[in-house]
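One structure is given below, encoded as structure tokens.
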Amino acid sequence: VWARTVRPRPQQLVKIDPGLNRVVASGPLEATRHSFAIGGGAVWVRDERRPDAGLVFRYDPTTLSLVRAIAVGSRTTSITADKENVWVGGSGSVTRIDPATDRVVARIATEWAAEEIATGGGSVWIASAGAQLLARLDPSRNEIAEIVPIPVRRYESLHIVAVDAGFVWVASNLVLP
């Protein structure tokens, strides 16, 4: 299990062994507030306090030491990873990083912010509350293959909770009367 601490400063990336119920490794985070993903043999972190910096940080999953900062060239809004790719959502694009080379290999233009992003079922799933949609990106063609409208009201958000067994689970902060 991976987590980040809020205190003490600097914030830490921690690895927890659920069998032992304790922290088995920790290391300081370069970013000040983060969302992170595990995949491609690394821990990938994007900085939420400085999203305009357009950086993704790669950490070694064993030592938790910073390996490299990768410039993605645009504001970051979300991140996910699988065995073969790291996907970074942005305002108006989704960036694909090859974890074998730590290089940006594709930038897919969108007309909306990729506020949430997840992988599963052979696709990359992108949610945008601002654009009121869920999009499916086909990684074999690096293009948006399908868009599903999801009506949300102003100031609501969408969160991709899980992709599994042929379903994409999306949550909202909508409060029903």
Side-chain angles (χ1 to χ4, degrees), residues 2 30-31 33-61 67-174:
W2 295 90
E30 193 65 29
R33 210 174 129 203
H34 354 283
S35 55
F36 64 90
I38 312 297
V43 179
W44 304 88
V45 180
R46 79 169 191 90
D47 191 338
E48 292 180 353
R49 289 229 177 140
R50 298 177 297 175
D52 291 333
L55 294 175
V56 172
F57 301 95
R58 179 185 181 135
Y59 286 85
D60 181 286
V67 174
R68 167 172 302 112
I70 301 164
V72 295
S74 64
R75 181 178 185 271
T76 65
T77 55
S78 54
I79 189 167
T80 192
D82 57 27
K83 293 177 184 176
E84 300 173 356
N85 298 285
V86 179
W87 300 91
V88 184
S91 292
S93 69
V94 174
T95 302
R96 183 180 194 169
I97 298 171
D98 178 350
T101 63
D102 291 342
R103 295 187 188 275
V104 171
V105 294
R107 187 168 287 107
I108 299 95
T110 64
E111 296 178 8
W112 28 265
E115 297 162 8
E116 292 282 334
I117 192 165
T119 59
S123 295
V124 179
W125 299 91
I126 306 152
S128 176
Q132 299 186 338
L133 61 82
L134 174 69
R136 183 176 67 82
L137 187 151
D138 180 346
S140 68
R141 298 185 337 212
N142 286 329
E143 63 183 40
I144 302 299
E146 184 178 2
I147 294 177
V148 178
I150 299 182
V152 292
R153 292 186 288 203
R154 190 173 182 193
Y155 303 116
E156 291 176 359
S157 59
L158 292 174
H159 305 281
I160 299 175
V161 178
V163 181
D164 191 27
F167 294 94
V168 179
W169 299 91
V170 180
S172 169
N173 63 345
L174 172 65

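Residues: numbered from 1 along the sequence shown.
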Review point. Would you call Val105 and Arg96 a side-chain contact if the rule is heavy atoms closer than 4.5 Å?
Key: yes
Check your understanding: Where do Ile126 and Ala114 come nearest, in terms of heavy atoms and distance?
Key -> CG2-CB, 3.4 Å
**Study point:** Whether over 12 other heavy atoms sit under 6.0 Å from Glu84 CD
**Key:** no
Review point. Under 3.5 Å, is there a donor-acceptor pair linking the side chains of Arg107 and Ser93?
Key: no
Check your understanding: How many angstroms lie between CD1 in Ile79 and CD1 in Ile38, if you round to the nearest 0.5 Å?
Key -> 9.5 Å
Check your understanding: Is a side-chain donor or acceptor of Trp44 paired with a backbone partner of Gly39 at a separation under 3.5 angstrom?
Key -> yes
Exercise for review: Could you go through the side-chain contact (heavy atoms from CB on, under 4.5 Å) check for Val163 and Thr119 one step at a time?
Suggested key: CA-CA 7 Å; Val163 181; Thr119 59; over 6 Å; no
Study note, to complete from the structure: To the nearest 0.5 Å, atom CD1 of Ile147 lies from atom CZ of Arg136 at 11.0 Å
Exercise for review: Nearest 0.5 Å please: distance from the CG atom of Leu133 over to the CD1 atom of Ile150.
Suggested key: 7.5 Å
Exercise for review: Taking all non-hydrogen atoms of both residues into account, name the closest pair between Asn85 and Pro99 and its distance.
Suggested key: CA-CD, 3.8 Å
Practice item. Mind listing the closest non-hydrogen atom pair of Ile117 and Trp87 along with its distance? Key: CD1-CB, 3.7 Å
Check your understanding: So, for Ser123 and Pro139, which heavy atoms are closest and what is the spacing to 0.1 Å?
Key -> CA-CD, 3.9 Å
Revision key, fill the gap. For Val72 and Ile97, the nearest pair of non-hydrogen atoms, with its separation, is CG1-CD1, 3.8 Å
Check your understanding: Would a distance-only check, ignoring hydrogens and angles, find a side-chain to backbone donor-acceptor pair under 3.5 Å from Ser128 to Ala113?
Key -> yes
Review point. CZ of Arg46 to CZ of Arg75: how many Å apart, nearest 0.5 Å?
Key: 7.5 Å
**Study point:** Distance in Å, Ile108 CD1 paired with Thr95 OG1, rounded so as to fall on 0.5 Å steps
**Key:** 7.5 Å
Check your understanding: If every non-hydrogen atom of Ala71 is compared with every non-hydrogen atom of Val104, which pair is closest and at what distance?
Key -> O-CG2, 3.7 Å
Review point. Atom CD of Glu116 and atom OG1 of Thr77: how far apart are they, to the nearest 0.5 Å?
Key: 8.5 Å
Point to revise | For Asp82, side-chain hydrogen bond (donor to acceptor under 3.5 Å, both in side chains) partners two or more places apart | key: none
